[in-house]
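A note on names: the letters A, B, ... follow the listed sequences, proteins ahead of strands, and every chain is numbered from 1.
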Amino acid sequence: MSNKSQVKERLAEAISDGAEIDWDLELASSSELEETLRSLRAIDSIARLFRESTPLTSGQAERPTSSISRWGPLELREKIGEGAFGEVYRAWDPTLQREVALKLLHAERSASATDTARFIDEARKLARVRHPNVLVVYGADQHEGRAGLWTELLEGKTLEACLADDGPFAAHEASAIGLNLCHALAAVHEAGLIHRDLKPPNVIRERGGRIVLLDFSVAAFRIGPEAAAARFSPSGTPLCMAPELFRGQEASKASDVYSLGVLLYRLVTGEFPVKANSIEELIEQHNQGKSVPLLDARSDLPVAFVQVVETALRPTPKERYSSAGEMERALAASLSRPIDSEPSPPRPRWWQRPLLWAVAASIALSAVGIVVVWNLLLSPFEVDASLHRLREGREVRILAGSRIALDDLLYLEIEGSKPMHVYVLNEDEDGEVFVLFPLPASSKQNPLSSDVRHRLPGKIAGIEKYWEVTSVGGEESFLVFASKRPLEKLEQRIADLPRTGSADAVRVGEKTIDLLRGIGGLSEAPPRDGSARHERLSEMFAGSAGSTAGKSGVWAWKIRLSNPEQTGETP
Amino acid sequence: MTQSPQNVETTASLLELTRHGDMAARDRLAQRYLPILTRWARGRLPVWARDLGDTDDVVQVTLMKALDKVSGFEPRREGAFLAYLRMILKNQIRDHIRRVRRKPVMDELDETVADDEPSPLEETIGREVLDRYEAALAQLPERHREAVVLRIELGFTYQQIADAVGCPSESAARMMVTRALAQLAEKMDEQ
């Protein structure tokens, strides 16, 4: 092979492997190949650009380097995270034909037999924890000298990211998340484990609202003051750690309860109860019992909620809740108590503007476009739903055009022939669309099982919930979608939405509507023209008001109710 | 060589099933390619048209169209199918840019003029070089072209490339990519 060919092949190989190339040096040493080198350099730039393209999932994802493209049976697709313990990849399990998240322990830590054995042993224990609010661990093993743990792959945002993007949570929403985490912790404790690292970056709110506790690889190791000092950061683990851990005491259920208290404190304030810039300062603050009372950090919180958080944060373990279950009970009780000091959150007003309803519906329609096609030839999907009203203790089924009145409580019953994802929408007086279901705290979560009559919005903290009519005037509508597949765009928007403080609905702001409206400009989505959109909607409703989704795979139902200004007897 | 259980569901077999109307296979094909193609498309769309929703939609529409036409496609290799997908996605993106661009007058006047605002790819290497790259790519033998696209643009591992273009081994795939890249650079010089 000629020298020129060798240079070309060497560089082509480096480009293909993603290796760094000093192009200036190469050009200087092989000037006779200038043209080809420039072309190769262009190819290298193209390769780099594609490598750096942002993937679908959020976060700093990157493709694995060519040296790590496979780990045991799993194909690594891209790096989606990195931490002190190692790296997290999106990987493909070819045997079970599904994507997974793979956490690989750092090579140097994998080299330590003790670390590896502990990692795998703890991971195996964690695989026993089966709970909807706990990350599902599929397995743990060691390949090519690296210990790894693979789990379900989640799409969503950490609570820390939600906080950063949208600001502090409403107390009611933090409580709902707290309830989920109490359940998760109870399951972890029941398996004989202590989480040890409960904090907002370790909890993900998935698209669709599921709350998932994760980062067990850290849980697999004890975090002593030394380790904590080594990675002290103003938003890190130590600020969430119970004070006794700095005195050398063992982590316990009570220290997990403390961490959950810190997490809730942070969700509603964006702050930590004990502030410090170094580990020494933190220990000193704990020793002096210095912390900022929750009510001083945010005065509009319901007293009951404040009491729960403050109890979890007591310096002495014995004074805290003795278990996650006990804390759950207290949180649930705080939710059922009247919200005495929290200002009324904005509640959805009922629908008044047909045009905006069309927009709302088109949002959902464009979001379902892909689903419609995927399901084209699948078997029929039958759905039956009914809307009910509870007034003065009497429950009645209501039909289209029925009158409802202020303080009426409404609920939906729905049953599908296949497991389904259900979405219930409504619009307020300002023309904003509200998502009434799914709700993160509800006992009912998508997908809803088939052949069961579900009652929505479901129970929260064990208490059956309703949608409450809080305003009067004009007409009101419910728009219900049931789909065999998640309506991903809608779910993503729900997950990304700013919180309003409303416990009953998630508000879809104008900005979101605009964003989603833009999708309508694509050829396969409903056309931008308003009349065409109406036509399409009416077609859809004409065909679906009965009960079957037919070919589309998405069932839609619109029910209009009248909500007159005057009060009095209704038929 | 016996087929290992991991390889039971190759793209070729999924394509074959999809051709015969197996909707579950079609779903799995879509799931397999959607993230890959979305990532690819993000480098090809100008920033203003690169909203997450936009990219998703262009890719989904393309994939749907491709899968609709799959009955007319001979599923020789996964690489061939992906090269085909890449081609129609490229066309879709061009159409999409024309449709949503802010200066709609231009494309009425001249069909060959691309959009005014460059995609990240054009920004990085320039439109002229990108055109040469595309032209040279089109001149490569089919399997070489597939190998380049899979490795450079879609980030496949060598083992995946070996499976997709029908190479006997990972190292053979690596060699094929290397040779194809050297060849590609030469062809670019000739443009």
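- Among A:Asp44, A:Asp93, A:Leu40, A:Thr36, the residue making the largest number of heavy-atom pairs under 4.5 Å with chain B is A:Thr36.
- Ranked by heavy-atom pairs under 4.5 Å with chain A, the first of B:Met188, B:Arg132, B:Arg174 is B:Arg174.
- Between B:Phe81 and B:Tyr84, the ring planes are tilted. Angles from 30° to 60° get that label.
- Of the residues considered (A:Leu37, A:Leu11, A:Ile15, A:Ile43), A:Ile43 shows the highest number of contacts with chain B, using heavy-atom pairs under 4.5 Å.
- Ion pairing between a basic and an acidic side chain is recognised when a charged N comes within 4.0 Å of a carboxylate O; A:Asp141 and A:Arg146 show no such pairing.
- Counting heavy-atom pairs closer than 4.5 Å to chain A, the top residue among B:Asp189, B:Ile36, B:Ile152 is B:Asp189.
- The aromatic rings of A:His143 and A:Trp71 sit perpendicular to each other, their planes meeting at more than 60°, with 30° as the lower class boundary.
- Ion pairing between a basic and an acidic side chain is recognised when a charged N comes within 4.0 Å of a carboxylate O; B:Glu186 and A:Lys8 show such pairing.
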